[in-house]
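To keep things clear, I will list the structure first and then write my remarks on it.
As the structure lists them, so they are numbered: ligands from 1, and atoms in each ligand from 1. As the structure is a computational prediction, the values presented were derived from the model and not from experiment.
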Amino acid sequence: MNHPTAPLHAALAAADQDQIIYDLAGIAGNLDTLRRELPGADVRFAVKACPVDAVVACLAERGAGADAAGPREIAQALRSGVPVERIHYGNTVKSDEDIAAAYRLGVRDFATDSLADVAALAAHAPGARVFCRLATDGEGALWGLSGKFGCSAADAVRVLAAARAAGLTPSGLSFHVGSQQMTAGAWRRALDLAAGTLAALRRRGISLAHVNLGGGLPALGYADRHGRPLDPPVDKIFAVLREGMAQLGEAAGRPLDFLVEPGRYLVADHGAIRAHVVRLTDREHPDGTRRHWLYLSVGKFNGLYEMDQVQYRLVFPGHRGAARVPAVVAGPTCDSDDAFTTAGGPVQVPGTLASGDPVWVLSSGAYAISYLTRGFNGFRPLPHTWIHGPARPAPARREAPGG
Ligand SMILES: *Cc1c(COP(=O)(O)O)cnc(C)c1O
């Protein structure tokens with residue numbers, strides 16, 4: 001897979017100020033790929049991964065729906081052109097007020113995982129369709145999402161039976177295997193759990209029409225500790241999902257409609273940050289070791305919130321062939337957590353980097369805008385922009401990652 005695409009590469013090269021650039025054609029291409037890989041699954045974009053109107057609108061134009069976490073994301077999806085019947089309230093955590101607001105906006109599909117939430121839905125969203133979220137172990141994912149969301153299979157039966165008794169429509173099951181899930185086995189386990197739950201529900205006379213396969217599909221362009229692409233087994237993951245879709249239909253004893261609600265997968269690889277070098281230094285630490293530190297203009301608080309878990313691929317235009325030094329990469333703020341220290345060790349960077357030199361942070365399109373602070377430490381929230389349309393000519397010289 002080629003990152004970044006030629007138009008994104010050209011836009012990065014043309015940018016002379018820090019910004020995050022989204023390639024809408026690339027994002028639309030990922031939607032096409034997903035639909036090819038999972039025929040018959042309806043796609044709902046998890047808005048929180050990239051709450052940018054142009055991105056939501058680009059996906060909506062192509063028929064994608066939205067997975068929203070609350071009334072403000074619902075309103076954003078609506079103004080970006082997502083029809084209300086394709087908007088799903090996917091957050092199991094919601095107040096009475098939020099449920100009522102979503103219902104007033106016309107949303108009728110709600111995720112749930114508890115009797116308390118079902119009672120609130122019955123009161124504030126009468127007649128709504130409910131999806132019960134099953135808990136997963138989150139193993140194999142960079143962010144497990146376990147614990148806070150989802151219930152056991154036995155509880156799902158109780159929750160959906162209560163929903164039915166309260167006049168709601170038990171509509172489906174959902175799960176989320178954890179974000180940037182790197183193993184096909186995690187989906188295998190979740191699909192088996194869903195199949196068992198569907199069978200148990202059937203014995204209770206509850207026949208569901210939908211299964212929501214959740215998010216968690218991985219970005220392809222993150223790096224490993226050596227700066228090489230992480231290469232998650234996406235082909236295997238899609239194969240397991242296709243197999244599971246067939247298996248679940250049998251367990252349900254009826255044809256099922258499938259939904260998938262990716263966030264990261266659609267946007268991560270088609271957003272990139274143009275940042276700059278603040279300073280490359282080397283210092284002796286109290287233990288006597290000397291280390292290089294590369295301070296960038298972006299970090300945890302202005303675009304790279306996920307830097308604790310993700311090692312991004314960095315491109316240093318104009319330094320190809322320069323001798324490399326291992327450096328700890330860090331953001332510009334006065335916070336020691338604002339550094340790539342957990343996900344990766346030191347990164348090989350050109351020893352010739354000078355203050356002001358451009359740096360491109362690849363595959364940084366997911367969870368960047370949504371996690372910007374309001375300018376922590378006085379560093380400006382990263383502006384965003386997007387490109388679309390026919391590919392502009394690629395620059396004559398292409399930089400290899402890290403090159
Ligand atoms: C965040 C979230 C998603 C998207 O997760 P990704 O790992 O970005 O694909 C999907 N569904 C729900 C309910 C979420 O909370």
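- When the side chain to side chain donor-acceptor pair (under 3.5 Å) test is applied to R79, the partners found at least two apart in sequence or on another chain are D53.
- By the side chain to side chain contact (heavy atoms under 4.5 Å, CB included) test, T289 pairs with H285, D287, R291, sequence neighbours left out.
- Residues of the protein with a heavy atom under 4.0 Å from ligand 1 are A46, K48, D67, G90, R133, H176, S179, G215, G216, E261, P262, G263, R264, Y367, listed by chain and number.
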Under 3.5 Å, side-chain donor or acceptor atoms of residues 205-217 against the rest of the protein: list the pairs with distances, not counting sequence neighbours.
residue, atom, partner, partner atom, Å
S207, OG, R254, NH1, 2.9
N212, OD1, G214, N, 2.8
N212, ND2, E261, OE1, 3.0

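- The side-chain hydrogen bond (donor to acceptor under 3.5 Å, both in side chains) with K300 is formed by just one residue from the set T373, D308, D335; it is D308.
- Salt-bridge check for R44 with D67: failed, with every basic side-chain N at 4.0 Å or more from each acidic carboxylate O.
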Item checked: Verdict with supporting geometry, H88 and F131, ring pair (Phe, Tyr, Trp, His ring centres under 6.0 Å) -> CA-CA 10 Å; H88 175 210; F131 280 71; 5.0 Å; yes
